[in-house]
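Input: a single structure, listed below in structure tokens.
Heads up: numbering here begins at 1 and tracks the sequence.
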Amino acid sequence: EEIVEQPKKAPKKKTVKQPEKLTQAQKRKILKDSEAVIVNNSGAFVFYKDDTLGVEIELPSYGDQDIVEIEVLRRMAMKSKGFFERYWILVVDFICDDDRIEIEDVYDYLGISKYYKGMDELPSGDFFDNLLLEDSIGDFKKYVEKLNPKLMTQLCNRAMALYQEGTFDSSQKINIIEDKIGREQFFNDMKID
């Protein structure tokens with residue numbers, strides 16, 4: 001009697017179910033009921049009022065944060081785009097029940113994606129302070145070289161505020177800023193005694 005070996009069946013592969021991608025319509029529906037974290041990126045008091053929605057946003061100082069409905073920000077982006085164009089406020093995070101939504105989806109929904117393109121690391125909260133006061137000269141220079149003019153204005157505003165407080169005094173970083181904006185002695189000209 002001859003024994004014939006049966007071919008072994010390959011073990012069944014476990015399939016990991018990939019989460020389905022959301023359509024744009026699904027993303028919009030989810031974001032419509034979500035919230036975002038915004039931060040004051042300006043050296044001034046930031047105030048926005050929408051009488052139709054009965055909403056006021058107040059961010060008194062640089063780095064102040066608030067949680068705002070994304071629909072309010074969407075209306076703000078349509079009616080008062082300057083808040084985003086001039087980087088007076090930044091959308092730094094969002095609160096949403098669906099983990100398939102990403103911050104870029106929020107920017108797309110708000111119509112502000114173009115302002116965040118090319119930003120590897122988003123300035124938020126104490127980011128400018130850390131960049132000016134703690135980061136290495138090399139990291140600082142690399143970051144400043146990539147900044148667009150409007151975001152550079154906000155960095156200059158923060159640098160000047162810290163300089164006038166006496167907490168920012170790195171001559172190398174000052175030189176990098178002055179070279180980038182093309183104004184020698186910018187900090188000395190602006191110093192308040």
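Summarising the geometry of Pro60 relative to Asn40, their closest heavy-atom pair is C-ND2, 4.0 Å, with the distance given to 0.1 Å.
For Glu178, the side chain to side chain donor-acceptor pair (under 3.5 Å) criterion is met by no residue, not counting sequence neighbours. Residues passing the salt bridge (charged side-chain N to carboxylate O under 4.0 Å, His left out) test with Lys27 are Asp105, sequence neighbours excluded. Here Ser113 pairs with Asp108 under the side chain to side chain donor-acceptor pair (under 3.5 Å) rule; sequence neighbours left out. Legend: residues meeting salt bridge (charged side-chain N to carboxylate O under 4.0 Å, His left out) with Asp66, ordered by chain and number and at least two apart, are absent. Looking at residues two or more places apart in sequence or on another chain, you find a salt bridge (charged side-chain N to carboxylate O under 4.0 Å, His left out) between Asp51 and Lys49. By the ring-ring contact (aromatic ring centres under 6.0 Å, His included) test, Phe83 pairs with Tyr48, Trp88, sequence neighbours left out. Here Asp33 pairs with nothing under the salt bridge (charged side-chain N to carboxylate O under 4.0 Å, His left out) rule; sequence neighbours left out. In this view, Thr52 and Arg75 satisfy the side chain to side chain donor-acceptor pair (under 3.5 Å) rule, not counting sequence neighbours. Under the side chain to side chain contact (heavy atoms under 4.5 Å, CB included) criterion, Glu184 pairs with no residue at all, not counting sequence neighbours.
Residues Phe187 and Tyr163 place their aromatic rings such that the two centres sit under 6.0 Å apart.
Here Phe45 is tied into one hydrophobic group with Phe47, each link being a pair of ILVMFWY side chains closer than 4.5 Å.
Figure legend: Arg28 and Tyr109 shown without cation-pi pairing, the cationic atom not lying both under 6.0 angstrom from the six-membered ring centre and within 45 degrees of its axis.
Evaluation of the salt bridge (Lys or Arg N to Asp or Glu O under 4.0 Å) test over residues 154-172, restricted to residues two or more places apart or in two chains, returns Asp129-Arg158.
Crowding of Glu145 atom CD: a count of heavy atoms from other residues, nucleotides or ligands under 6.0 Å exceeding 12.
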Hey, can you pull the donor-acceptor pairs under 3.5 Å for the side chains in residues 135-142, sequence neighbours left out?
from: Ser136; atom 1: OG; to: Asp139; atom 2: N; distance (Å): 3.1
from: Ser136; atom 1: OG; to: Asp139; atom 2: OD2; distance (Å): 3.4

